[in-house]
Amino acid sequence: MLKQHRELSMSIRRTIENNEEAGIRPSKTYQSFVAAAGGHRELNFIEKDVRNYITREVRNVSEQEDAKEFGKYLLRMKEKNQNFFFELQLEEDQSIKLAFWADARSRAAFEYFGDVISFDTTYNTNRYNLVCGSFVGVNHHGQSTLLGCSLMKNEEIESFKWLFQCWLRCMGGNAPKGFLTDQCASMKRALEACMPTTVHRWCIWHIMKKIPSKLNGYKRHADIEQEMRQVVWNSHSKDSFDRNWNDFLLNFGLADNKWLSGYSVYEVGEQVSSSIFNKFVVTYDSVAAEVKCQCLLFESRGILCRHALSVLSFEQVSQLSPRYILERWSKKVKRRHTHIKSSHDEPLMEPRSKRFDQLVFRSQNICEFASESKELTAILHRAYDNVMAEMEALKAKRKGTSSLSHEDANLESVNELQSPPRIRTRGRPKNRLGSKLEKQIANATKKKKTKVLSEVKVMFFKFVAIEFIFLVNRLANV
């Protein structure tokens, strides 16, 4: 019997599950099916199918069920806490195109730690090649706190728009003050459309992480890397950064480097009155009760530096302005998210199996009653045909759905989900993805190397040709 012709019906599957729970061996279960059908040839499956079904159910390793299990997980989390949020965007074949989810604790934490968000999509799944994205904030201990997760089939502008709009709906429509990403043009355009008032900046970690791979081609790459870090971390104003950066590019001959062009830092406000303390300029305005230090510790971490505190002490300021005591550092604030337990998954009983058992139990009574005469049997057949046509029409109507959210999702709609096409790659897949800018620079470098190599080959062949002509003329003269 060919594999494509073999299948296990719902009735067979339920019998296998019940026998497995009762401790009956697979071989005995299969023999009971053979005896009930009247022989091996009357069955459209073999004993191996029974064993495979048991193994697949116990270990849950079926690839076709990945999307369904993912949807069931989201439903279970929603059942545990109604504030669990998720939305899916589906392809025409019901495979997952985009997905976003955030639990109740993350949504509550956003109220306190949602001022600046870092969004990272530099990781991907190795089986379906889906891009995994994470929204991350910083809590009152300086630790990262997760504020949402996503899966994306591509990194196009429309995909990021859908994701950012979905995330904003999840967080009550409140956009953050700052948003950090890698150097992705699609992200930038999507952010401009979805969060026009949010300040968008490139993540310094991503930029500094690329230094070795971008500058290894230069002879003095170690010195270049050290000097670049010195300029980035020790420039305390825009003017000093621009001056140091230009000197850095000229000293190492990097003015034409595409990757290094275009970087700049944020502006620093004008000074009112200044005091020099440990090489940092501290500005204090006694009228507005404002203090600023050139080290920018408060602007970056929300904590006043020792330089500013020393100036305030010198100025005999006994009480700090409330603007310098951020809510996230206060002990008196009752943070709502700390009272919400993190969602942990616990498998629930499959409702479809329960409904099947109930239907089988009721149908036994109907079938027993209808089998008393041909007329009753014909009535039951007509009723079956009408009900089947109505159910198929309803199922076909649901197949046209292109999105799924936490508000209208149920197990029936989740069971229609299909896994994305599996991507087969050679060797170990890369953990990190490069941005479009990186790929463009890599391609340009590759073309430049190819051009130089071609020019060397041409010069070589010209030299060989000249030597050959010289040798022929010499032999002719002889």
Side-chain angles (χ1 to χ4, degrees), residues 74 77 81 83-87 98-123 131-152 155 159-184 187-188 190-209 266 296-304 322-344 406 432:
L74 296 177
M77 295 298 100
N81 194 315
N83 284 328
F84 185 89
F85 183 100
F86 72 90
E87 283 194 21
L98 299 166
F100 170 78
W101 68 97
D103 63 6
R105 188 182 178 93
S106 296
R107 299 179 72 181
F110 176 79
E111 298 179 12
Y112 307 99
F113 314 125
D115 46 359
V116 178
I117 301 298
S118 173
F119 180 64
D120 190 4
T121 59
T122 50
Y123 294 93
V131 179
C132 179
S134 58
F135 295 86
V136 179
V138 178
N139 65 12
H140 54 295
H141 295 293
Q143 301 168 338
S144 298
T145 179
L146 191 62
L147 301 176
C149 294
S150 65
L151 291 175
M152 305 175 66
E155 293 185 277
S159 298
F160 283 121
K161 281 184 178 180
W162 180 90
L163 179 60
F164 293 153
Q165 289 170 355
C166 184
W167 183 74
L168 284 174
R169 287 195 299 273
C170 174
M171 301 305 172
N174 299 316
K177 297 178 182 178
F179 209 94
L180 302 175
T181 69
D182 60 4
Q183 296 163 283
C184 177
M187 265 190 230
K188 181 180 180 181
L191 276 171
E192 290 173 352
C194 300
M195 308 179 201
T197 60
T198 299
V199 177
H200 177 219
R201 289 289 182 267
W202 289 340
C203 179
I204 189 66
W205 183 85
H206 283 97
I207 295 173
M208 303 305 289
K209 194 76 174 179
Y266 40 79
L296 301 176
L297 181 67
F298 180 77
E299 285 77 3
S300 60
R301 297 189 180 183
I303 301 174
L304 277 179
R323 77 185 71 177
Y324 297 114
I325 305 175
L326 300 186
E327 189 177 14
R328 70 171 60 212
W329 308 126
S330 176
K331 293 182 179 180
K332 298 180 181 179
V333 176
K334 294 183 179 180
R335 298 176 176 87
R336 188 168 62 89
H337 73 282
T338 58
H339 302 288
I340 301 175
K341 293 182 179 180
S342 299
S343 300
H344 297 286
H406 65 287
R432 300 189 66 82

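I117 and P176 get closest at one heavy-atom pair: CG1-CB, 3.8 Å. When all heavy atoms of C149 and F100 are compared, the closest pair comes out as O-CD1, 3.1 Å. Between M171 and L147, the shortest heavy-atom distance links the atoms CE-O, 3.1 Å. Nearest heavy atoms, K161 versus A193: CE-CB, 3.8 Å. Across every non-hydrogen atom of C194 and L168, the tightest pair is O-CD1, 3.7 Å. Summarising the geometry of S159 relative to L98, their closest heavy-atom pair is CB-CD2, 3.9 Å, with the distance given to 0.1 Å.
For the atom pair CG (N139) and OH (Y112), the distance works out to 13.5 Å, reported to the nearest 0.5 Å. To the nearest 0.5 Å, the span separating NZ on K188 from CZ on R201 amounts to 10.0 Å. One distance of note links CG of L163 with CG of L151; it measures 10.0 Å at 0.5 Å rounding. For the atom pair D103 CG and N81 CG, the distance stands at 8.0 Å (nearest 0.5 Å). Atoms CH2 and CG, on W202 and L180 in that order, are 13.0 Å from each other to the nearest 0.5 Å. Note that the CH2 atom of W167 and the CZ atom of F85 stand 12.0 Å from one another [nearest 0.5 Å].
Not less than 6.0 angstrom separates the ring centroid of F110 from the ring centroid of F135.
Within the 4.5 Å cutoff, the side chain of L74 has heavy atoms near those of the F84 side chain. Looking at heavy atoms from C-beta onward, E87 lies out of side-chain contact with C170 at the 4.5 angstrom threshold.
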*What's the verdict on side-chain contact (heavy atoms from CB on, under 4.5 Å) for F179 and M187, showing C-alpha distance, side-chain angles and the deciding distance?*
CA-CA 11 Å; F179 209 94; M187 265 190 230; 5.9 Å; no
Legend entry - Candidate pair F119 and S150, rule side-chain contact (heavy atoms from CB on, under 4.5 Å), full reasoning: CA-CA 10 Å; F119 180 64; S150 65; 4.3 Å; yes
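S118 places no side-chain N or O within 3.5 Å of a backbone atom of V136 that could act as its donor or acceptor partner. Judged by distance alone, the side chain of S106 and the main-chain N or O of L146 form a donor-acceptor pair under 3.5 Å.
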